[in-house]
There are 2 protein chains.
Amino acid sequence: MENRTSVEIGNDAGRAADNVVAALEAQIVSGQLKNKAPLPAERELMEQFGTSRTVIREAISKLSSLGLVETRPRFRPIVRKPDYATVLHACGNVVQHLLTDKTGIKNLYDSRVFMERALVRDAAMSARKEDIVDLKAALENNRNAIPDSLEFYKTDVAFHGVLYRIPRNPIFPAIHEGYTSWLAPQWDQMLRSPERNEVNYIAHKAILDAILERDPAAAEEALTNHLKAAWEFVRVTFDWGEE
Amino acid sequence: MENRTSVEIGNDAGRAADNVVAALEAQIVSGQLKNKAPLPAERELMEQFGTSRTVIREAISKLSSLGLVETRPRFRPIVRKPDYATVLHACGNVVQHLLTDKTGIKNLYDSRVFMERALVRDAAMSARKEDIVDLKAALENNRNAIPDSLEFYKTDVAFHGVLYRIPRNPIFPAIHEGYTSWLAPQWDQMLRSPERNEVNYIAHKAILDAILERDPAAAEEALTNHLKAAWEFVRVTFDWGEE
DNA sequence: AACGCCTTTTGGTATGACCAAACTAAAAGT
DNA sequence: ACTTTTAGTTTGGTCATACCAAAAGGCGTT
């Protein structure tokens with residue numbers, strides 16, 4: 001009952017799982033396997049593809065690391081059509097290994113500063129009316145949350161998030177999610193206080209004011225000051241070495 | 001009551017394998033398993049960890065998707081200490097699924113334009129003498145390669161690569177590698193010609209001139225024109241719809 | 001030292017089995 | 001009639017074993 005003739009071109013010792021991966025991949029993107037639906041049972045797949053469960057499991061593992069299915073320990077894999085957040089999430093597992101020392105964190109933080117400098121400049125030059133509305137609303141939420149550090153953290157992230165949405169490129173919000181999930185958790189919450197919140201609120205306000213003035217240079221400078229100050233505060237608090 | 005909210009998507013379902021992964025992970029980062037060295041044989045690992053080969057193989061598969069080892073079909077996995085290129089490499093497999101339609105490609109291309117606009121601006125403002133030397137050399141290579149489209153492609157990539165190195169953040173060159181490996185292969189080579197090469201060389205020269213003039217706005221504009229024109233050429237050539 | 005030959009090692013795959021958790025549906029209780 | 005219990009059935013996670021072909025290593029010849 002074994003159809004071993006399914007040898008594709010170049011029967012190179014390539015993994016049989018790759019064929020299964022490719023097939024399921026096609027079924028997922030074509031919608032034949034619907035999003036959010038569970039994958040067929042392993043024993044069914046092994047019959048469907050004429051291979052052993054070993055291969056099926058390896059294929060599912062690959063699909064999982066590709067972000068095409070979502071696996072939980074004892075549950076059926078769930079089909080998931082990939083999006084930009086998926087990519088960043090997949091990166092996260094690897095990124096973690098690069099943040100073990102201060103250098104790694106600094107590099108990532110610097111890249112964020114670089115990114116957001118460009119973002120605020122872009123915002124100052126080409127933010128639409130809706131964007132301005134969103135920014136003002138985010139800033140207002142920011143101000144109201146000053147007494148509550150946890151809430152302020154959320155509004156802080158949200159304010160920056162608006163900046164990432166202004167270019168209307170879905171990649172950018174995903175990057176933002178990456179930064180906040182990789183960079184912040186280590187210290188961002190613990191060293192907040194109403195006083196710090198006030199400082200950050202003022203910084204945000206300065207950024208928004210510059211955007212309203214349509215002044216890219218001022219916006220960039222305000223953003224830079226904001227993030228540099230935040231880094232400096234973290235650096236001193238944790239007694240990291242000099243720059 | 002255990003909190004099983006870890007909805008890791010790049011994660012595999014095997015919990016026993018996770019222990020092995022964690023252990024090997026630690027051995028890799030601690031240098032106990034040296035970089036570029038082969039992993040112990042599977043049968044040895046299964047004795048070392050007291051588990052079945054199933055679990056060991058699953059762990060290796062996961063390490064592979066984490067970028068901590070490099071696997072070739074019939075060969076011993078090679079230990080690879082993670083770096084920024086590793087992250088991008090891990091992303092690549094997922095990214096591929098987002099580039100199936102024009103929208104996905106456009107989003108990625110736009111993000112590249114956004115990134116490089118910021119890069120040339122940064123270069124114009126803070127390029128060092130060495131950077132200028134590198135840029136001039138890259139441009140010269142560019143010019144010499146105009147008759148040879150394949151060679152020109154390499155020098156083209158190299159020229160942009162210099163821009164990514166100027167901020168001296170190792171994340172940026174990795175991003176550049178991502179862009180070139182994900183974005184270009186689909187069309188970049190095939191629609192080159194000495195005439196196009198000439199055009200691109202001139203565009204590069206304009207960028208460098210603006211950088212030499214320490215004029216961020218001019219540099220940004222030159223870069224934007226360069227990349228927008230390249231996109232437009234691709235768009236028309238492939239008869240993609242309007243913007 | 002380079003090449004070809006032979007033995008061992010090792011990764012890829014197939015089977016079959018077992019367990020515990022998840023699922024399902026019938027049975028019991030309200 | 002509806003919720004809760006419960007018993008039976010799937011199904012994922014793991015183990016053990018076996019076989020094959022390709023890689024690795026040893027060895028003698030050139």
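Keep in mind the model is a prediction, meaning the values are calculated, not measured. The figures that follow rest on heavy atoms only: side chains count, while hydrogens, waters and symmetry mates do not. The sequence lines fix the lettering, A, B, ..., with proteins before strands; numbering per chain opens at 1.
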With distance as the sole criterion, do the side chain of A:R53 and the base of C:dG16 form a donor-acceptor contact below 3.5 Å?
-> no

Plane angle bin for B:W240 and B:W231 - parallel if under 30°, tilted between 30 and 60°, otherwise perpendicular | tilted

Return the value, rounded to whole Å, for the distance between atom CZ of B:R72 and atom C1' of D:dA24.
-> 13 Å

Take A:F172 and A:Y84 through the test ring pair (Phe, Tyr, Trp, His ring centres under 6.0 Å) and record every step on the way to the result.
-> CA-CA 9 Å; A:F172 291 171; A:Y84 294 95; 9.9 Å; no

Which nucleotide in C:dT13, D:dC15, D:dA24 has an atom nearest any side-chain atom of B:F75 = D:dA24

Just how far, in rounded Å, is P of C:dT13 from CD1 of B:I60?
-> 14 Å

B:E58 CD - D:dG12 P separation (whole Å) = 13 Å

Protein-nucleotide distance (B:I56, atom CD1; C:dT10, atom P), rounded to Å = 14 Å

Can A:D156 and A:R192 be counted as an ion pair, charged N to O under 4.0 angstrom?
-> yes

Charged N-O contact under 4.0 Å between B:D18 and B:K62 | yes

B:H204 vs B:H226 aromatic rings, parallel, tilted or perpendicular, using cut-offs 30° and 60°?
-> perpendicular

Separation of A:R57 atom CZ from C:dT15 atom C1', in whole Å?
-> 15 Å

A:R74 side chain: which of C:dA14, D:dT14, C:dC19 is closest?
-> C:dC19

Side-chain contact check for B:S52: nearest option of D:dT14, C:dT15, D:dG12 is D:dT14

Polar side-chain atom of B:S30 near backbone of B:A26 as donor-acceptor pair, under 3.5 Å | yes

Where the side chain of B:R76 is concerned, which of D:dG12, C:dT10, D:dC15 is the nearest nucleotide?
-> C:dT10

Under a 4.0 Å heavy-atom cut-off, which of residues 39-50 of chain B touch DNA chain D?
-> B:R43

Ionic contact status for A:E58 with A:R53, cut-off 4.0 Å = no

Atom-pair distance (CG on B:D18; P on D:dG12), nearest Å = 18 Å

Relative to the 5' end of DNA chain D, which residue comes earlier, A:P77 or A:T54, by the nucleotide with the nearest heavy atom?
-> A:P77

